[in-house]
Number of protein chains: 2
Amino acid sequence: MSDRPELDFPRPLTTVDVVIFAIRSDALQVLLVQRPTAKNEPFPGAWALPGGFVDIAADRDLEACAARKLKDKTGVVSPYLEQLGSWGSAARDPRGWSATHAYFALLPEQAAGGVQATDAQWFAVDGEKVKPRLAFDHAEILATAIQRLRSKVEYTSLPAYLMPPEFTLPELQRTYEIVLDRPLEKSAFRTRMLAADLIEPVARMRKGPNRPAQLYRLKKAKAPVFFARTFNPPG
Amino acid sequence: MSDRPELDFPRPLTTVDVVIFAIRSDALQVLLVQRPTAKNEPFPGAWALPGGFVDIAADRDLEACAARKLKDKTGVVSPYLEQLGSWGSAARDPRGWSATHAYFALLPEQAAGGVQATDAQWFAVDGEKVKPRLAFDHAEILATAIQRLRSKVEYTSLPAYLMPPEFTLPELQRTYEIVLDRPLEKSAFRTRMLAADLIEPVARMRKGPNRPAQLYRLKKAKAPVFFARTFNPPG
DNA sequence: TAAGTTAGTTGGACTGTACAACTAAGTATG
DNA sequence: CATACTTAGTTGTACAGTCCAACTAACTTA
């Protein structure tokens, strides 16, 4: 770096963290990892969002870095992955001025079930918090992620990324209700969902505990589609 | 750093860039600065978003850094400032792996008129582009900022931050129309804007080229307020 | 065979928007 | 000074989508 003296000044630590959501046991859950207890490690033993330093040799860009960390923890290769924002300050990491680029990912339930990292564990989201205290400013990042998820659910097809490839309308509605944490009106949900043109019926039917239900799948769309209006709570 | 050998690895360059918007001459404009032409400088002479390296001695956090750069260029102290996202890759800066934290700011017209930095200049936004080619990946950042602004205008009170302290309803509607680049229906705009409870009437009236018009001001609200529905284009 | 459960439909009340026509108060022009 | 023009703001009708409750249909379970 001696040939570029103008770049010889202290740089912040740069990390990437990923908020990984899934619906498990009829609840919105988030994947956390336990921090190592080695000497010099900040927040030893505390729970934290999966993440770590950017590896400028291995990571082509920030999103690739986030995808790598997600794959390391879950084995999932191409889920829904969206940038959440960045948090940087002198105080957030005892090792020095640091900035993290936060992403959030959505996993279908069966992919979430395949996670088997020994230091990782799923926690139910309660309001905008989880039970364990989180390392760094991860509680704030998580709260922001939950807000973003809830907000986007109001007007996009995001929850479809939490579903298996084929699903029934009541199953999809149930996912919306879990994420929003409030009941939705059946008839209006159906009308809007079909009008939004996000999903298409599949030939097959599902044999349930009652009458066969129509299966749907998400239409091909790179980005989540926007609804024209927000859901209004019944009552 | 020798007492923390685990932190001795190459770190990305960390910068902050600010997309500064204002309505000038009945058009949405953005403030750009011309890059220096000194040796070793990337993109010499090209236009770029105002920004630069994070100064870990001077900047408490990322937002303070963005506010500092905004004040340096415009003199404005507390405008609307929101994080836009971050862009980081090995390729975006010839000096090495770099990550920028992008913010966007909204200025009222008279504050925008006070900008007098010699290397800064306002450019009209055409679609999602500006006339000059931009340095780094700033064209992509600017396009994202415009999309974010347009999208938020649909369902929040953001454009009020582009207005002077007191304004008439038709003036506010004109600002919405400039940002959205499409006409809005007068009656529906009025009904929704008043129902949203974002603005309150001021005792005074403005003497215009026609009958006196009622002045309004933005109600005290830290964050922009959300509308329940989106605007639909007439016709 | 009867009762229970869930998928999906139907219809009426209500609400907010789109749109056009209208009124009112000022300015500009001959 | 009278008339035409411009723009602020209102009114009223048509329409679309939501809320909500009641209903039908198909399958399961006791």
Side-chain angles (χ1 to χ4, degrees), chain A residues 26 153-157 163-164 166-178 180 182-217 225-235, chain B residues 26 153-157 159-160 163-164 166-178 180 182-217 225-235:
Chain A
D26 249 28
V153 164
E154 295 279 357
Y155 56 92
T156 78
S157 57
M163 306 297 293
E166 297 187 350
F167 47 84
T168 67
L169 263 182
E171 287 166 354
L172 182 60
Q173 180 175 350
R174 182 80 192 113
T175 297
Y176 271 81
E177 290 175 339
I178 289 172
L180 289 174
R182 73 167 193 257
L184 297 178
E185 211 285 317
K186 179 170 59 164
S187 172
F189 181 84
R190 179 182 198 79
T191 312
R192 268 184 64 177
M193 191 58 60
L194 296 180
D197 202 37
L198 309 174
I199 59 179
E200 56 188 359
V202 174
R204 239 154 327 137
M205 296 275 198
R206 168 167 303 168
K207 297 273 195 160
N210 35 38
R211 105 171 188 182
Q214 177 63 56
L215 286 173
Y216 293 86
R217 67 163 162 251
V225 182
F226 278 67
F227 289 113
R229 298 173 173 230
T230 61
F231 285 115
N232 295 317
Chain B
D26 248 29
V153 163
E154 295 279 356
Y155 56 93
T156 77
S157 57
M163 307 296 293
E166 299 187 349
F167 48 84
T168 67
L169 264 182
E171 287 166 354
L172 182 60
Q173 179 175 350
R174 182 79 192 113
T175 297
Y176 272 79
E177 291 175 338
I178 289 172
L180 289 174
R182 73 166 193 254
L184 296 178
E185 211 285 317
K186 178 171 58 167
S187 173
F189 181 84
R190 180 182 197 80
T191 312
R192 269 184 63 178
M193 190 58 60
L194 295 180
D197 202 37
L198 308 174
I199 59 178
E200 56 189 359
V202 175
R204 238 155 328 136
M205 297 274 199
R206 168 166 304 168
K207 298 273 194 158
N210 34 38
R211 102 173 191 182
Q214 177 63 55
L215 286 174
Y216 293 86
R217 69 163 160 250
V225 182
F226 278 68
F227 289 112
R229 299 172 171 231
T230 61
F231 285 116
N232 295 317

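Note that these values count all heavy atoms, side chains included, but never hydrogens, waters or copies made by symmetry.
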Would you indicate, yes or no, if D/dT10 has its OP1 or OP2 atom less than 4.0 angstrom from a side-chain nitrogen or oxygen of B/R190? yes
Here the distance between atom C1' of D/dG17 and atom CZ of A/F189, to the nearest Å, is 16 Å
Whole-Å distance, B/M193 CE to C/dG16 C1', equals 15 Å
From CD of A/Q214 across to C1' of D/dC27 the rounded distance in Å is 16 Å
To the nearest angstrom, the CG-P distance between B/L194 and C/dG16 comes to 14 Å
Original post:
Would B/Y216 and B/L198 satisfy side-chain contact (heavy atoms from CB on, under 4.5 Å), going step by step from the backbone distance to the final call?
Top reply: CA-CA 10 Å; B/Y216 293 86; B/L198 308 174; over 6 Å; no
A/L172 CG to C/dG8 C1', in whole Å, measures 15 Å
So, the side chain of B/Q214 versus the backbone of B/P201: is there a donor-acceptor pair under 3.5 Å, distance only? no
Walking DNA chain C from its 5' end, the first of B/K186 and B/T191 to be reached, judged by nearest nucleotide, is B/T191
Review point. Thinking salt bridges, do B/E177 and B/R174 make one under a 4.0 Å N-O criterion?
Key: yes
What one should report as the nearest heavy-atom pair of B/M193 and B/L169 is CG-CD2, 4.0 Å
| said: Does a side-chain N or O of B/R192 approach OP1 or OP2 of C/dT17 to a distance below 4.0 Å, or not? | reply: yes
Of all heavy-atom pairs linking B/E166 and B/R217, the shortest is OE2-NH1, 4.3 Å
A/R182 CZ to D/dC19 C1', in whole Å, measures 13 Å
Give every pair of a protein N or O atom and an N or O atom of nucleotides 10-13 of chain C that lie under 3.5 Å apart, one pair per line with the distance.
residue : atom : partner : partner atom : Å
C/dT10  : O4   : A/S187  : OG           : 3.4

Whole-Å distance, B/I199 CD1 to D/dG9 P, equals 10 Å
Here the gap from A/M163 atom CE to A/E171 atom CD, rounded to the nearest 0.5 Å, amounts to 5.5 Å
Quick note, A/E185 side chain, CB onward, closest among C/dC19, C/dG8, D/dC20 is D/dC20
Taken to the nearest whole Å, CG/A/L215 to P/C/dA7 is 12 Å
Residues at least two apart in sequence or cross-chain that pass salt bridge (charged side-chain N to carboxylate O under 4.0 Å, His left out) with B/R190, listed by chain then number, are none
Regarding the side chain of B/A213, the nearest nucleotide among C/dG8, D/dA8, C/dT17 is D/dA8
